[in-house]
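We use all heavy atoms of the structure for the numbers below, so side chains are in, but hydrogens, waters and symmetry mates are not.
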2 protein chains.
Amino acid sequence: MGDYIGYVAAVLTTVSFVPQAFKTIRTKDVSGISLSMYLIFTVGVLLWFAYGVSLGNPAIYLANGVTAVFSSIILITKVRRAVGEKQRHP
Amino acid sequence: MGDYIGYVAAVLTTVSFVPQAFKTIRTKDVSGISLSMYLIFTVGVLLWFAYGVSLGNPAIYLANGVTAVFSSIILITKVRRAVGEKQRHP
């Protein structure tokens, strides 16, 4: 029962970034998105990925590898928009 | 070394939601924020919290308990704004 909760939890926190990434790609609306959050979070999941690899634990590295992809998409879109904003209003 | 990476990873993915929550509270700008993401993510971290409690593992339940608080703040702000939008444009 305990492990079952863990698996469901891992799937939910991993897939949750999919709708955000699709919304961000579709609308390019990142004004309400925190750059600091996605910088810190993306580094964090990449470290989780490294931790999973170091343990040889596929559950940890697969879940965090997938999350890192979607989190990076959101981060890159935010950075591009932030750079674009700065060029228009230097 | 491996465990050290895990601790740093856990701290980063936990604290990353703090700047997003503060930005959301300050600006109330949630147009680019995905409601689906925060619904799925908040349920996910609450299940991680329950999993940590069931294992008696404070690292899991403390990290996810803190994340659940900040994630809920963002979710509640998004839901309130979505409801407000619907009332203005029914």
Notebook entry, point to check: In terms of heavy-atom proximity below 4.5 Å to chain A, should B:Phe22 be classed as side chain, backbone, both, or neither?
Noted result: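 Nothing of B:Phe22, per the 4.5 Å heavy-atom cut-off to chain A.
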Next item on the list: Go through the atoms of B:Ser36 and report whether side chain, backbone, both or neither lie under 4.5 Å from a heavy atom of chain A.
Entry: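 Both parts, backbone and side chain.
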[atom1]-[atom2] distance between [X] and [Y], expressed to the nearest 0.5 angstrom:
X: A:Met37; Y: B:Thr24; atom1: CE; atom2: OG1; result: 9.5 Å
X: B:Ser34; Y: A:Ile33; atom1: OG; atom2: CD1; result: 8.5 Å
X: A:Leu12; Y: B:Thr42; atom1: CG; atom2: OG1; result: 10.5 Å
X: A:Leu46; Y: B:Ile5; atom1: CG; atom2: CD1; result: 12.0 Å

Note to self: I need the single residue from B:Val15, B:Val11, B:Val18 that forms a side-chain contact (heavy atoms from CB on, under 4.5 Å) with A:Ile40. Which is it?
What the structure shows: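 So the option named by the test is B:Val15.
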Checklist line | Which atoms of A:Thr27 approach chain B - backbone, side chain, both or neither, heavy atom under 4.5 Å | finding: neither
Next item on the list: Can you tell which part of A:Ala21 gets under 4.5 Å to a heavy atom of chain B, answering side chain, backbone, both or neither?
Entry: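 Neither part.
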Check: If you take all heavy atoms of A:Thr13 and B:Val45, which pair is closest and at what distance?
Finding: CG2-N, 3.7 Å
Note to self: How close do B:Ser16 and A:Phe41 get, counting heavy atoms only, and between which atoms?
What the structure shows: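 Looks like OG-CD1, 3.3 Å.
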Checklist line | Main-chain N/O of A:Gly32 paired to B:Gln20 side chain as donor or acceptor, under 3.5 Å | finding: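 Here the side-chain-to-backbone pair exists.
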